[in-house]
Participant: 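Below is a structure I'd like to ask you about.
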There are 2 protein chains.
Amino acid sequence: MRRDIFQAIADPTRRAILSLIALQAMTPNAIAEHFDSSRQAVSKHIHILVECDLLEQKQDGREIYYHFNPKKMKEVDKWLEQFRNLWENRFTNLDSLLNKMKTAKAK
Amino acid sequence: MRRDIFQAIADPTRRAILSLIALQAMTPNAIAEHFDSSRQAVSKHIHILVECDLLEQKQDGREIYYHFNPKKMKEVDKWLEQFRNLWENRFTNLDSLLNKMKTAKAK
DNA sequence: TATATTTGCAACCGATTGGTTTCTCTTATC
DNA sequence: GATAAGAGAAACCAATCGGTTGCAAATATA
């Protein structure tokens, strides 16, 4: 099943894993030590993150190092783009323009 | 139950609703017309978006207009901040710095 | 070679999710 | 006043989620 990046970052544990891996590549065991749940539960989260390309794995003997893939995270930033002008500059967006026109009409 | 904004934007229908409302405030019926599922299903999505402050409602007679709240969406942008330098400028982040040090050591 | 470590995979389970249908309430409209 | 329309609330349901335990495979290490 194909995973969605928005679904991937919906879980707080997965967001915490991403914050960890973004600083340094780690093995599943090392990651799991940071959480209360079992290694297998963490491993399932990692699997989901790999499925949607947020993490990449590099085998080293019997250990697997998981690396963060920033390019994929960029997709969320890209989606946010449509809203960014709404909180950065409220006077240039279409909504306030329409409101202005309505107000002008009403007078 | 308190909702999480990341859980709120995890659903594709809810993301589509947000994109709609960001352009113009709308009533539940008007929103529901854009989707295949029932009005009640869409209404539940709206309810979730209101719960986590992504939407605000303004009553007008028997109609309710839902408005987009950009400030709340800013929270996602804030969370992305920790990853932004990783895709914008790979040479200033800690990871590549450590890699450089490792490479230097190996020589 | 025997044993320990690291990891993934499968089965199972209760809670949550997203959908439906049905109902009630409020507000226009005839 | 009677009827229609807009919207929320509740009950129900199949599917998915996040967790667990148990097991198998591959790789170090004694």
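For clarity, every value in this text was computed on a predicted model and none was experimentally measured. Chain letters run A, B, ... following the sequence lines, proteins first and then strands; every chain starts at 1.
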Participant: Taking only residues at least two apart or on different chains, which pairs with a member in residues 33-43 of chain A satisfy side chain to side chain donor-acceptor pair (under 3.5 Å)?
Facilitator: none
Participant: Could you pull out all residues at least two apart from B:Glu63 that satisfy side-chain hydrogen bond (donor to acceptor under 3.5 Å, both in side chains)?
Facilitator: none
Participant: Can you check the A:Gln7 CD to D:dC17 C1' distance for me, whole Å?
Facilitator: 9 Å
Participant: Is any side-chain nitrogen or oxygen of A:Arg14 closer than 4.0 Å to OP1 or OP2 of D:dG19?
Facilitator: no
Participant: Could you give the CG-to-P distance, from A:Asp11 to C:dA15, as a whole number of Å?
Facilitator: 18 Å
Participant: Among residues at least two apart in sequence or on other chains, which ones pass side-chain hydrogen bond (donor to acceptor under 3.5 Å, both in side chains) with B:Glu56?
Facilitator: none
Participant: Mind checking side-chain hydrogen bond (donor to acceptor under 3.5 Å, both in side chains) for B:Asn69 and listing every partner two or more places apart, or none if nothing turns up?
Facilitator: none
Participant: Can you measure B:Leu49 atom CG to D:dA7 atom C1' for me and round it to whole angstrom units?
Facilitator: 16 Å
Participant: Between A:Asp60 and A:His45, which residue's closest nucleotide on DNA chain D lies nearer the 5′ terminus?
Facilitator: A:His45
Participant: Dump the pairs, protein N or O against N or O of nucleotides 6-8 of chain C, anything under 3.5 Å, distances to one decimal.
Facilitator:
from	atom 1	to	atom 2	distance (Å)
C:dT7	OP2	A:Asn29	N	3.2
C:dT7	OP2	A:Asn29	ND2	2.9
C:dG8	OP1	A:Tyr66	OH	2.4
C:dG8	OP2	A:Ser43	OG	2.9
C:dG8	N7	A:Arg39	NH1	3.4
C:dG8	O6	A:Arg39	NH2	3.2

Participant: Please name all residues satisfying side-chain hydrogen bond (donor to acceptor under 3.5 Å, both in side chains) with B:Gln59, sequence neighbours left out, ordered by chain then number.
Facilitator: none
Participant: How close or far is atom P of D:dG8 from atom CD1 of B:Ile31, stated in whole angstroms?
Facilitator: 9 Å
